[in-house]
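Presented below is the structure to which this report refers.
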Amino acid sequence: MRTTSVTIRIDEMLKKQAEILFDDMGMNMTTAMTIFIKAAVKLGKIPFEISGNTPNAETIAAMEEADSISRDPNTKVYLTSKELFEELRSECFESRFHLHPF
C-alpha cells in the first residue's frame, strides 16, 4: 500500500498533549491519526459524539422560526414533493402571466 503525507495545523500545546497521550498508549501521532481516519471512513462519520458545541444566535433563531412555522395551523403542508412542485409551477406560471399579459 502506498502512503502519502498529510500536513495539519493545530495548537502547539494540544499537539504536545496528544503526543504524550499516544506515547502512553504505545503509538505515535501518525498511528493515532490513521486509526481515527480509518474509523471515520468505515462509519461514514466522526467516530464519536461531538458535544459541547452550542449553536450560535443565528442558528438558534432559525431553529425557533422553523419550530414556530411547524406549529402554525395556517402553514401549508404538502403530502408529497410532487404536490409541492406542481403548486410551485402553477404559481410561477401565474406570476409570469400577470407580469406579461398577452
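For clarity, every value in this text was computed on a predicted model and none was experimentally measured.
The hydrophobic cluster around Met33 extends to Leu21, Phe22, Met25, Met27, Met29, Ile35, Phe36, Ile37, Val41, Ile46, Phe48, Ile50, counting ILVMFWY residues whose side-chain heavy atoms fall within less than 4.5 Å of a member.
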Going by atom type alone, with no hydrogens or angles, which donor-acceptor pairs under 3.5 Å involve a side-chain atom of residues 5-13 and a protein atom two or more places apart or on another chain?
| from | atom 1 | to | atom 2 | distance (Å) |
| --- | --- | --- | --- | --- |
| Asp11 | OD2 | Met13 | N | 3.0 |
| Asp11 | OD2 | Leu14 | N | 3.0 |
| Glu12 | OE2 | Lys16 | NZ | 3.4 |

Quiz: residues 56-66 side-chain donor-acceptor pairs under 3.5 angstrom, not counting sequence neighbours:
| from | atom 1 | to | atom 2 | distance (Å) |
| --- | --- | --- | --- | --- |
| Asn56 | OD1 | Glu58 | N | 3.2 |
| Asn56 | OD1 | Thr59 | N | 2.8 |
| Asn56 | OD1 | Thr59 | OG1 | 2.9 |

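Here the closest non-hydrogen pair linking Thr75 and Ile69 is OG1-O, 2.8 Å. When all heavy atoms of Thr80 and Glu83 are compared, the pair lying nearest together is OG1-N, 3.0 Å.
Qualifying side-chain contact (heavy atoms from CB on, under 4.5 Å) partners for Leu43, counting only residues two or more places apart in sequence or in other chains: Lys45, Pro47. In this view, Ser70 and Asp67 satisfy the side-chain contact (heavy atoms from CB on, under 4.5 Å) rule, not counting sequence neighbours.
Between Phe85 and the choices Lys82, Glu87, Arg89, the side-chain contact (heavy atoms from CB on, under 4.5 Å) rule is met once, by Arg89.
Judged purely by atom type and a 3.5 angstrom limit, Thr34 uses its side chain to pair as donor or acceptor with the backbone of Thr30.
The stretch residues 19-29 participates, sequence neighbours left out, in these side chain to side chain donor-acceptor pair (under 3.5 Å) pairs: Lys15-Glu19, Asn28-Thr31.
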